[in-house]
Amino acid sequence: EGDEEAKNLPAHACKYCGIHNPSSVVECLGCNKWFCNARLASNRGSHIIQHLVRARHKDVRLHPESPLGETILECYNCGVRNVFNLGFIPAKSDTVVVLLCRTCSNPMGQKDMSWDLSQWLPLIEDRSFLTWLVKIPAEHEQLRARHIAASQIAALEDRWMEDSEATVDDLNRPGVDDEPEPVRLAYDDAYHYQNIFGPLIKMEADYDKKMKESQTQDEVVVRWDQGLNKKYLACFVLPKLELGDVRLAVGDELLLRYKGELIKGSWQCAGHVLKIPNNTSDEVVLELKADKDGRTPTDCTHNFTIDFVWKSTSFDRMQAAMKTFAVDTNSVSAYIYHRLLGHDVEPQTLKITMPKRFTAPNLPDLNHSQVFAVKSVLQKPLSLIQGPPGTGKTVTSATIVYHLAKANGGQVLVCAPSNVAVDQLTEKIHLTGLKVVRVAAKSREALESPVAFLTLHEQVINNDTDPELQKFIKLKRELGELSSADEKRYRSLKRAAEREIIQNADVVCCTCVGAGDPRLQKYDFRTVLIDEATQAAEPECLIPIVMGAKQVVFVGDHKQLGPVILNKKAAKAGLSQSLFERLILLNIRPIRLQVQYRMHPCLSEFPSNMFYEGSLQNGVTVQERLRKDIVFPWPIPETPMLFHCSYGQEELSSSGTSYLNRTEATNCEKVVTRLLKAGVTPAQIGIVTPYEGQRSFIVQHMQFAGALKKELYKEIEVASVDAFQGREKDYIILTCVRSNDHSGIGFTSDPRRLNVALTRAKYGIVVLGNPKVLSQNPLWYQLLMQFKERNCLVEGPLSNMKRSMIQLIRPKSRKE
Amino acid sequence: DALVVHVQQQQYDVDEEADDEFEREFSRMMQESVEGRKHAPRKAVFDTPVPTRLKTATTTVVEAEDGDQQVAFTLLTKKGNKQQAKVMALPADISFVVNTRNKQEADLAE
Ligand SMILES: [Zn+2]
Ligand SMILES: [Zn+2]
Ligand SMILES: [Zn+2]
């Protein structure tokens, strides 16, 4: 499809450093490569001279767009082209010069006396071309060029002996078995950046591909259904998902194949995932592509196979973004360029008129730290906002976007790594009255969304200015398909309508990867806000930035979960560190939102102390977070928190790769039943567990063993910590699962995961776990101590809980 | 707004060995070029006159973007056998440019 094409350097770019100003480059006629006349860094000669000397080439030509136009440098008299032998000769009394070789400028035997041969001025001076003949690139051009070392130049010249197409990147490409080079804090230039991140992204892509393609699921049983758009829906359970090795997201592509004997020949059809397993059902729903030949075997239920279809789109877009970042000097402003690469840059202030009022129309009033954040961000070309749990990150972001759109005139691009976050933000920005368009992937167009009316494709449908387009849309809906001529016409009308909608929008919202959508590639976005920036890998964040950014606002919280990287080697090499985190390490201070409006103050205390230097203030009072109507046996009624000690063994789940804990599942059901009986609705309860094995066990167990109606339990959301990030529930039950003698607590030990798990509840939290095992982790030890000191560490049956007398032993070494 | 980037020295890899090698090769190349020409058969002596249409040109000093003084000169080149004249801006402080200007000023004074 060629969607993800990055910009390329022009053919006349310096093969060493990429500089491509026509006045600064010359073509070597020995190899037809171009080189510049800059002497970057410590190189003793300019690039063109370095090349000529190392390759032993001697003839050059100037660029057609240089001041002299296309000119081969040669002796006017004898035509010799060796530049090491050429020099300028002036006329004695006229403003005329010629190029002559050393021999021809010998005055012996000359008759015409109008030239001053004694003034021969060599073309090459101080190991570079005369700088008025071939201009030295401007300083900013040099700063953004690739910084190539003399040794690399030598190595590249060696390569060219065998492969004249080799590039500097080929030198840096690691071998197949090499350990990847780790990420750095700072990079020499954007090519260096690309050389580090390119291989990491490739590793992750290869791994993802391998995992996906090896996950064929046989013996799938299909239940058939039909959508409103007449497309067939295949519903089935995928036991492979429990492994956790493969991620399935709404919009993903799967291939359904029939292997049985009930129909002649083979049948297969691709489709997009509409629904993934949740608390109501473990089914995956796949919307199949239009059934053109009517062969869909809807009478068959057994003998189906599912293949995962791997898509390279997101990885391709990251690679393309890194390339654009290096090659295209308009991709980001010089300031952003150097800042992202970790160079030492003098601070800059943007000229923006400060609004008189910081609250945006139809959004809640801001508190002092939110106002401070908005204020600080507007005039800065690059800023970080840290939003701890419940501190109003989305409202703050939407307010910032409002002011940026009003102040800059230009469009604002608003992104986040996840669709959910983009939708939330889109909704809020829409409230302010700005014109917003949500650009979603084509594969997600059929999905329900709270902001469906703002999506590009719905706006096209609802746009009544073009009756012809409307006619086609109607026809397509009724017939499912158009003739190929009509389809062509329809597409071009649709594209025009899309263009108009995008152009008229104040704000364009999409996921980070979505910013690489072909429909957005013709636009420049000088202002970019990236929400959940701490959950994106660096190159992912780069996609929306390299569309012309001059001002970038990152919003996130590096104390919560980071990007999910599946390949362990790539993660270890640093791909799991977000750009937000690296910028902090580069001493860009994040502006922290400090007032939390979610948790009962007793619930925010530990996270505040542990993760936010105690800076989190409570915007809600104890009174506002006590539900007197809900009778629940909290050990201390004013502090609705408890840690319930259980010592039941963990066990491997049926898949053999995940864990479950029956004792905790049983206790979990009892807590849930108690809460439901007290009047809490299922939607207000969330069950958090780090393991997929425990998730599906609890779902089944509650429905099987629960004392109340099955339907009530079905409505309760049971999900991983990761799935709860960014969300809240009134009551949270956290089941830790791990309980073993050899004391591994697996990924419960990531402090950021613990932070997320502990900060989801508004009114109360119940932790189920084995204190002996968990307390061997220093952070969990601290947490358990807090529960103990507050008299909330308990054991025994729910109806008769007692304070636990367990002696917690401080772990010796602090290791995470 | 001007952007000030503080380039740290360690950002560039200094590579003495590769630099020295270049230095040696450069000298060799220069030497060879000079000597090679000595033994080459000599072409006709250069005695093309300055074309009359270019003789009337006088020096005009202009200020370049960076504030440097420049003088417009004509570069005489050949395309095949055809003579071409291309205008180029030379820095006013090149010795032969200074010479030419002095001479023209003297001529004017006479
Ligand atoms: Zn060459
Ligand atoms: Zn160069
Ligand atoms: Zn000659």
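So that the names make sense, note that chain A is the first sequence line, chain B the second, and so on, each numbered from 1.
Neither the backbone nor the side chain of B:N102 has a heavy atom closer than 4.5 Å to any heavy atom of chain A. Only the side chain of A:L121 comes within less than 4.5 Å of a heavy atom in chain B; its backbone stays farther off. Looking at A:R127, the atoms closer than 4.5 Å to chain B (heavy atoms on both sides) sit in the backbone and in the side chain alike. Contacts of A:I89 with chain B are absent, with no heavy-atom separation under 4.5 Å from either backbone or side chain. For chain A, the nearby part of B:E21 is the side chain; its heavy atoms alone come within less than 4.5 Å.
Between B:F46 and A:W115, the ring planes are tilted. Angles from 30° to 60° get that label. Between A:H147 and A:H343, the ring planes are parallel. Angles under 30° get that label, and only those over 60° would be called perpendicular.
Chain A forms more heavy-atom pairs under 4.5 Å with one residue of B:Q84, B:M88, B:E17 than with any other, namely B:M88. Chain B forms the most heavy-atom pairs under 4.5 Å with one residue out of A:H140, A:H338, A:R339, and that residue is A:H338. Taking chain B as the reference chain and counting heavy-atom pairs below 4.5 Å, the highest number among A:L100, A:N82, A:T131 is found for A:L100.
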Discussion item. If you apply the rule ring pair (Phe, Tyr, Trp, His ring centres under 6.0 Å), what do you find for A:F35 with A:H47, and how did you get there?
Written reply: CA-CA 6 Å; A:F35 297 92; A:H47 283 166; 8.0 Å; no
Practice prompt. Could you walk me through whether A:R81 and A:V60 pass the side chain to side chain contact (heavy atoms under 4.5 Å, CB included) test, one step at a time?
Written response: CA-CA 8 Å; A:R81 289 175 174 181; A:V60 307; over 6 Å; no
Worksheet item: Going through the distances and angles, do B:Q31 and A:F84 end up as a side chain to side chain contact (heavy atoms under 4.5 Å, CB included)?
Response: CA-CA 9 Å; B:Q31 194 97 25; A:F84 294 92; over 6 Å; no
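Donor-acceptor pairing under 3.5 Å is recorded for the side chains of A:Y76 and B:Q83. Remark: the A:N37 side chain and the A:S46 side chain contain an N/O donor-acceptor pair separated by less than 3.5 Å.
Inspection of non-hydrogen atoms places B:F22, B:E23, B:E25, B:F26, B:R28, B:M29 of residues 22-29 of chain B under 4.5 Å from chain A. Within residues 67-75 of chain A, the residues having any heavy atom under 4.5 Å from a heavy atom of chain B are, by residue number, A:L68, A:E70, A:T71, A:E74.
Residues forming a salt bridge (charged side-chain N to carboxylate O under 4.0 Å, His left out) with A:D126 (at least two apart in sequence, or on another chain): A:R39. Residues satisfying the salt bridge (charged side-chain N to carboxylate O under 4.0 Å, His left out) test with A:E157, not counting sequence neighbours, are none.
Of the charged side-chain nitrogens involved, at least one lies within less than 4.0 Å of a carboxylate oxygen, so that A:R44 and B:D20 count as a salt-bridged pair. Under a 4.0 Å N-O distance rule, the pair A:R56/B:E32 qualifies as a salt bridge.
Under the side chain to side chain contact (heavy atoms under 4.5 Å, CB included) test applied with A:Y335, the options A:V552, A:L340, A:V345 reduce to a single match, A:V345. Among B:T100, B:N99, B:D93, B:I94, the one residue that satisfies the side chain to side chain contact (heavy atoms under 4.5 Å, CB included) test with B:V97 is B:I94.
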